[in-house]
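Below, all heavy atoms of this structure are taken into account, side chains as well, without hydrogens, waters or symmetry copies.
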Amino acid sequence: MTTHVPATREALTDLPVEVAPRLLDALLEVELDGERVVLRLSEVEAYHGRGTGDVPDPGSHARMGPTPRNATMWGEPGHLYVYLSHGIHSCVNVVCGPAGVAGGVLLRGAEVVEGADAARRRRSARGVVRQDRDLARGPGRLGDASGLRHPVHDGIDAVTGDMRAGARARLLLPVSPRRDIATGPRVGVAGVAGGDEFPWRFWIPDDPTVSAFRWGRGAGPALSAAR
DNA sequence: CCCTAGATGCAT
DNA sequence: TGCATCTAGGGG
């Protein structure tokens with residue numbers, strides 16, 4: 001039986017906070033230089049933008065309006081917004097919402113269900129990977145494991161799966177959305193955007209590939225919110 | 001311009 | 001807790 005179907009542009013046109021929970025258990029397939037890595041998403045965060053019918057989001061890269069960096073977030077849903085975090089890691093978002101309205105879902109955690117060898121090799125360039133569950137646990141790790149990089153793959157289309165800088169990405173949505181979903185404040189976002197105003201982090205309860213984050217930094221209290 | 005903080009991860 | 005490494009954004 002079919003468990004996943006290719007994501008359509010329409011399915012991603014709703015606002016990120018609506019799309020985000022539906023991306024849990026979704027698959028992101030990435031082919032890069034002939035190697036294939038498939039990620040099953042376990043943790044995501046929604047980010048909106050500013051103005052024009054959108055929900056204001058002080059934690060978003062698009063909070064100041066369109067800039068060269070966040071241009072992809074304002075474009076068609078289904079493309080991937082790949083940005084450089086702390087000058088080191090390439091993090092991956094699925095652009096959501098109508099074109100012209102900024103929005104995206106940050107992919108924060110995943111299980112590598114195919115291509116663990118390639119993922120491990122890419123990740124070990126930055127350090128030692130002790131367990132397979134850590135291959136894509138955390139947004140920076142997920143980006144490294146996927147092979148997608150800033151800036152060359154920023155804007156790649158995960159709906160059509162077109163080739164871009166040696167890579168091809170495709171997003172597959174689960175036929176049956178999950179019922180058991182945990183929610184809470186976003187990680188690493190300072191100020192009100194990380195608090196109760198924006199409980200826009202979604203994860204699969206008890207999934208070992210959900211990121212662990214340091215308390216006492218960034219977002220403040222939180223994990224128990226939906227347990 | 002210069003400075004700082006950032007949707008992070010790793011070793012200490 | 002410090003560091004890697006780069007850049008957007010705010011202040012002078």
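- Under the 4.5 Å side-chain heavy-atom criterion for Ile, Leu, Val, Met, Phe, Trp and Tyr, Ile181(A) and Leu12(A) are members of the same hydrophobic cluster.
- Here dA7(B) presents its C1' atom at 14 Å from CG of Asp154(A), a figure rounded to the nearest Å.
- Counting heavy atoms of neighbouring residues, nucleotides and ligands inside a 6.0 Å radius, atom CD of Glu197(A) does not exceed 12 of them.
- Whole-Å rounding puts the His89(A) NE2 to dC6(C) P distance at 12 Å.
- Judged by distance alone, with hydrogens and angles left aside, the side-chain atoms of Arg40(A) form no donor-acceptor pair with the main-chain N or O of Asp25(A) at under 3.5 Å.
- Distance CG (Asp134(A)) to P (dC10(B)): 8 Å, rounded to an integer number of Å.
- Taking a cutoff of 4.0 Å between a charged side-chain nitrogen and a carboxylate oxygen, Asp207(A) and Arg178(A) do not qualify as a salt bridge.
- Here the side chain of His86(A) is nearest to one of dG6(B), dA7(B), dG9(B), namely dG6(B).
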statement: Writing each nucleotide of DNA chain C 5' to 3' as (, ), [, ], | or . by Watson-Crick or G-U pairing under 3.5 Å yields ||||.||||||.
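- Of all the heavy atoms in Thr72(A) and Gly155(A), the pair that sits closest is CG2-CA, 3.8 Å.
- Going from the P atom of dG2(C) to that of dT4(B) covers 16 Å, rounded to whole Å.
- Across all strands, Gly59(A) comes closer than 4.0 Å to base atoms (heavy-atom distances).
- Atom CZ in Arg126(A) sits roughly 12 Å away from atom P in dG9(B) (whole-Å rounding).
- Closest contact between the side chain of Arg130(A) and the listed nucleotides dA4(C), dA11(B), dT8(B) involves dA11(B).
- When the P atom of dT8(B) is taken as reference, atom CZ of Arg123(A) falls 15 Å away, rounded to whole Å.
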- request: Could you encode protein contacts along nucleotides 7-12 of chain C as a string, one character per nucleotide from 5' to 3', using B for base contact, S for sugar-phosphate-only contact and - for no contact, with a heavy-atom cut-off of under 4.0 Å?
  value: -SSS--
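- If you measure from atom CZ of Phe198(A) to atom P of dA7(B), you get 14 Å, rounded to the nearest angstrom.
- Using a 4.0 Å cut-off between charged nitrogen and carboxylate oxygen, Arg137(A) and Asp134(A) count as a salt-bridge pair.
- Residue Gly87(A) is in base contact, counting any heavy-atom pair closer than 4.0 Å across all strands shown.
- Atom P of nucleotide dA7(B) and atom NE2 of His48(A) are separated by 16 Å, given to the nearest angstrom.
- The listed nucleotides are dA11(B), dA4(C), dA7(B); the one nearest the side chain of Tyr83(A) is dA7(B).
- Nucleic acid contact for Asn93(A): base, since at least one base atom lies under 4.0 Å from a heavy atom of the residue.
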message: Determine whether Arg120(A) and Leu135(A) satisfy the following criterion, side-chain contact (heavy atoms from CB on, under 4.5 Å), listing intermediate values before the conclusion.
response: CA-CA 6 Å; Arg120(A) 196 177 300 110; Leu135(A) 284 173; 3.9 Å; yes
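- With respect to Asp162(A) and Arg168(A), no salt bridge is recorded, no charged nitrogen being found less than 4.0 Å from a carboxylate O.
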query: What do the steps show when you test Trp74(A) against Val101(A) for side-chain contact (heavy atoms from CB on, under 4.5 Å), and what is the final call?
result: CA-CA 5 Å; Trp74(A) 299 81; Val101(A) 176; 5.8 Å; no
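- Under 4.0 Å is where a charged nitrogen must lie from a carboxylate oxygen, and between Asp157(A) and Arg164(A) no such pair does.
- Residue Arg137(A) contributes atom CZ, which lies 14 Å from atom C1' of dT8(B) at whole-angstrom precision.
- In this structure, the nucleotide among dA7(B), dA11(B), dC10(B) sitting nearest to the side chain of Tyr47(A) is dA7(B).
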